[in-house]
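One structure is given below, encoded as structure tokens.
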Amino acid sequence: MRRGLHLLFALLTLGTSTGLVNSAGAEERSPTLGRSDRLTVQNHVRRGQKARAAKQWTVAVDAYKVALDAATTAPVSAAERAEIAGELGLCEFELHNYRDAAEHLTQSLERREALPVRLQQRFEAGLTKAAFYVGTLLISVDPPDAAVDIDGKTIDRTARTYKLFVTPGQHMVRGRAPGRTEALHSFTAVAGQEYKISMQLPPAAVSSPKESALASPKTVIASPATRTQNPGPWASWPGTLRITGIAVATAGVSVGTILIIHADKLNDDLSARRDRLLSEPASGSSMCWQAPQNSPCGELRRLRDARNLSGRTGVATVIAGGVIGAVTAASFFTDFSFLGFTPARERVHVSPVANGNEIGAQIEGMW
């Protein structure tokens with residue numbers, strides 16, 4: 001009996017010690033795993049920084065994407081996640097993937113308070129450039145737990161309001177929730193414009209199965225929202241200079257041509273008068289240019305001076321107008337985004353317009 005009690009006590013002691021060891025081991029492994037995940041994020045970030053410095057944008061995007069995915073479970077700060085998302089967006093912009101760039105830069109700036117001012121300004125400038133090439137979509141949903149699909153792709157989060165970016169073109173937005181009537185919104189996105197959609201999903205009415213089968217979701221056409229951006233005094237300076245350059249070049253060439261034509265007319269008058277004067281007795285070209293001002297030869301000198309002045313001024317004006325015109329034409333192929341202002345639009349957008357009286361197209365562009 002006593003030996004059985006001793007054996008039981010030994011087993012209980014062994015079980016208790018084993019549980020303590022396992023518990024301690026689990027406590028020790030958890031920080032180790034966390035540190036390992038953090039090192040993984042840092043390694044990918046360093047790889048992205050190195051590729052970005054070498055302008056290997058595809059490699060940089062892949063590295064930052066892996067780092068951002070790993071940061072969702074790794075013990076990294078909000079500032080680190082925001083910086084990774086912002087750097088990923090800037091690299092995507094370099095690859096002309098403007099929609100994803102705008103999405104990640106917006107995601108980064110949602111935690112702007114965790115970022116230093118330098119990064120805030122850098123990411124805001126990148127977002128402004130990326131949003132110029134895509135349409136901005138503001139969606140409000142009621143109820144907030146409704147699922148929202150854009151072109152058949154479900155947004156992986158639920159919220160009352162969304163700020164999304166879409167490529168230019170036709171898009172369809174659908175809202176759905178259990179026990180609610182679906183809502184469909186169709187709109188045509190234009191680069192640089194903002195659209196607002198309000199999705200109200202009322203409770204579905206109780207009806208017979210036949211009526212439910214015939215019921216269809218309501219489709220609403222979304223219209224562009226009024227832009228609230230206030231461009232700075234330098235926002236449109238390239239367009240103003242181009243308009244001024246075109247006007248000055250046109251005026252210069254026109255005035256110069258008139259002066260050259262006037263010089264040719266004066267030259268004809270000068271030749272005719274000189275021929276008449278030389279045909280007179282005791283007249284010679286060598287003596288004519290030294291005659292008094294009120295003599296016929298003096299009139300020839302005045303015509304000669306006027307001809308020379310008009311011709312030279314006309315040629316100089318035409319050359320100056322041509323130079324200004326060439327510089328103005330070259331500016332249409334120059335991107336001024338490196339100066340930190342609005343980037344040059346790479347294309348002209350044409351949208352069909354039709355109503356009861358006319359049909360045509362609306363052409364939108366920007367200098």
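Computed from a predicted structure; not experimentally measured. Counting from 1, the numbers follow the sequence of the chain as shown.
Interatomic distance, CG of N267 versus CZ of R304, reported as 12.5 Å (0.5 Å rounding). With values rounded to the nearest 0.5 angstrom, T167 atom OG1 is found 7.5 Å from D151 atom CG. If you take CD on Q56 and CZ on R47, they are separated by 10.5 Å, rounding to the nearest 0.5 Å. Distance check, rounded to the nearest 0.5 Å: CZ of R52 to SG of C91 gives 6.5 Å. A distance of 6.5 Å separates CG of L138 from NZ of K196, quoted to the nearest 0.5 Å. Here the straight-line distance linking atom CG of D264 with atom CG of L259 works out to 11.0 Å at 0.5 Å rounding.
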- Please lay out, stage by stage, how K129 and E124 fare under the test salt bridge (Lys or Arg N to Asp or Glu O under 4.0 Å). CA-CA 9 Å; K129 295 178 182 179; E124 286 172 355; over 6 Å; no
- Task: Walk me through it: do V148 and Y162 pass the test side chain to side chain contact (heavy atoms under 4.5 Å, CB included)?
- Result: CA-CA 10 Å; V148 178; Y162 299 85; 3.9 Å; yes
- Message: Would E83 and R111 count as a salt bridge (Lys or Arg N to Asp or Glu O under 4.0 Å) here? Give the steps.
- Response: CA-CA 9 Å; E83 184 174 355; R111 305 184 182 92; over 6 Å; no
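Transitive grouping of hydrophobic side chains (ILVMFWY, heavy atoms separated by less than 4.5 Å) keeps V45 and L90 in distinct clusters. Both I197 and V190 belong to a single network of hydrophobic side chains, linked directly or stepwise wherever heavy atoms of I, L, V, M, F, W or Y lie under 4.5 Å apart. Connection of M199 to Y195 is established within a shared hydrophobic cluster, with ILVMFWY side chains joined at heavy-atom distances below 4.5 Å, either directly or through further cluster members. Under a hydrophobic clustering in which Ile, Leu, Val, Met, Phe, Trp and Tyr are joined whenever their side-chain heavy atoms come within less than 4.5 Å, directly or via other members, I84 and V59 fall into different clusters. V248 and V253 fall into different hydrophobic clusters, defined by Ile, Leu, Val, Met, Phe, Trp and Tyr side-chain heavy atoms under 4.5 Å apart, directly or through other members.
Using a 4.5 Å heavy-atom threshold, the side chains of T106 and L127 count as touching. In this structure, the side chains of V318 and I260 come closer than 4.5 Å at one or more pairs of heavy atoms. Using a 4.5 Å heavy-atom threshold, the side chains of T181 and L201 count as separate. Contact check for T161 versus I139: no side-chain heavy atoms found under the 4.5 Å cut-off. The shortest side-chain heavy-atom distance between L95 and V61 falls under the 4.5 Å cut-off. T136 places none of its side-chain heavy atoms less than 4.5 Å from the side chain of Q193. Using a 4.5 Å heavy-atom cutoff, the side chains of R174 and E182 are in contact. For the pair S310/N308, no side-chain contact is recorded, criterion being any heavy-atom separation below 4.5 Å from C-beta on.
For A60 against G48, the heavy-atom pair with the smallest separation is CB-O, 3.8 Å. What you find for R112 and Q120 is that their closest heavy atoms are O-NE2, 2.6 Å. Contact detail for A131 and F165: the closest heavy-atom pair is CB-CE2, 4.3 Å. Contact between H104 and A85 at its shortest, heavy atoms only, is CB-O, 3.5 Å. Across all non-hydrogen atoms, the minimal contact from L105 to G86 is CD2-O, 3.4 Å. Minimum heavy-atom separation, G89 to A101: O-CB, 3.2 Å.
Salt-bridge check for E80 with R38: passed, with a basic side-chain N closer than 4.0 Å to an acidic carboxylate O. Classification of E92 and R99 as a salt-bridged pair fails, no side-chain N sitting under 4.0 Å from a carboxylate O. A salt bridge is absent between R81 and E110; no separation between the charged side-chain nitrogens and carboxylate oxygens falls under 4.0 Å.
Applying the 6.0 Å contact sphere to CZ of R312 captures no more than 12 heavy atoms from other residues, nucleotides or ligands.
A side-chain contact (heavy atoms from CB on, under 4.5 Å) with E103 is found for exactly one of L164, L88, N97, namely L164.
Distance alone, capped at 3.5 Å, places no donor-acceptor pair between the T317 side chain and the G256 backbone.
The six-membered or imidazole ring of H96 lies near that of Y98, with a centre-to-centre distance under 6.0 Å. Ring to ring, H44 and Y64 are not that close: their centroids are 6.0 angstrom or more apart.
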